[in-house]
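For reference, the structure discussed in these notes is given below.
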Amino acid sequence: MTKKVRSTTSLAAAVVLAFAGVAQLAAHHGWGEYDSRKPITLTGTIKAAGYENPHSFVDLDVNGKVWHAVLAPPTRMQARGVTRDMLKPQGTVTVMGFPHKTNTIEMKTETITIGGKTTNIR
């Protein structure tokens, strides 16, 4: 392999890795978009749930309004004792956290209460 071909191959590989890194960063958002000065507590029925990276979630029906509650990553949820099976649709859950500054149906969850047990997931 010539020096020029190796250089081009190395450059192409570096570009691919750089784009992969940017995609990862874009997929994981910061918490600055949530208003930590306005804690809220919601109790509702689970309409949908995801136990996935980068963050698990539950969509809760709270008096006819469906909230998207962003939870911790699955590994942290599991370590804290909140399993996938606990987040089944039609279950009742209480979440405490902070509302999104612009999306009026989204919140970042700090604690979750399921089956009478409250767990800090942050």
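- Under a 3.5 Å cut-off, the side chain of Lys101 and the backbone N or O of Gly32 do form a donor-acceptor pair.
- Taking 4.5 Å as the limit, every side-chain heavy atom of Phe98 sits out of range of all side-chain heavy atoms of Arg37.
- Side-chain atoms of Arg76 do not come within 3.5 Å of backbone N or O of Arg122 as any donor-acceptor pair.
- Here CD of Glu33 is found 10.0 Å from NZ of Lys108. Values are rounded to the nearest 0.5 Å.
- Taken from CG in Leu60 to CD1 in Ile46, the straight-line distance is 6.5 Å, to the nearest 0.5 Å.
- No donor-acceptor pair under 3.5 Å is formed between the side chain of Thr45 and the backbone N or O of Gln90.
- Residues Val58 and Ala49 approach most closely at CG1-CB, 4.0 Å, considering heavy atoms.
- By the criterion of side-chain heavy atoms lying less than 4.5 angstrom apart, applied directly or through intervening Ile, Leu, Val, Met, Phe, Trp or Tyr residues, Val62 is not grouped with Val70; the two fall into different hydrophobic clusters.
- For the pair Lys65 and Ile105, the minimum side-chain heavy-atom distance is below 4.5 Å.
- Side-chain contact between Trp67 and Ile40 is present, with at least one heavy-atom pair separated by less than 4.5 Å.
- Note that NZ of Lys117 is 11.0 Å distant from CD1 of Ile112, once rounded to the nearest 0.5 Å.
- Closest heavy-atom contact between Pro73 and Ser56: C-OG, 4.1 Å.
- In this structure, the separation between OH on Tyr51 and CE on Met86 is 9.0 Å, given to the nearest 0.5 Å.
- Side-chain contact between Thr43 and Val93: absent, with no pair of heavy atoms (C-beta onward) separated by less than 4.5 Å.
- Linking Ile, Leu, Val, Met, Phe, Trp and Tyr whenever their side-chain heavy atoms come within less than 4.5 Å leaves Met96 and Leu87 in two separate clusters.
- Here the side chain of Asn53 pairs no donor or acceptor atom with the backbone of His55 at under 3.5 angstrom.
- Taking the side chain as every heavy atom from C-beta outward, Val95 and Met107 approach each other to under 4.5 Å.
- In plain terms, the two heavy atoms of Asn63 and Asp61 that are nearest each other are N-OD1, 3.7 Å.
- Looking at heavy atoms from C-beta onward, Leu71 lies in side-chain contact with Met77 at the 4.5 angstrom threshold.
- Thr119 is linked by a side chain to side chain donor-acceptor pair (under 3.5 Å) to nothing, counting only residues two or more places apart in sequence or in another chain.
- At a threshold of 4.5 Å between non-hydrogen side-chain atoms, the residues Val82 and Ile114 count as touching.
- Using a distance-only test at 3.5 Å, with no hydrogens or angles considered, no donor-acceptor pair links the side chain of Arg84 to the main chain of Gln78.
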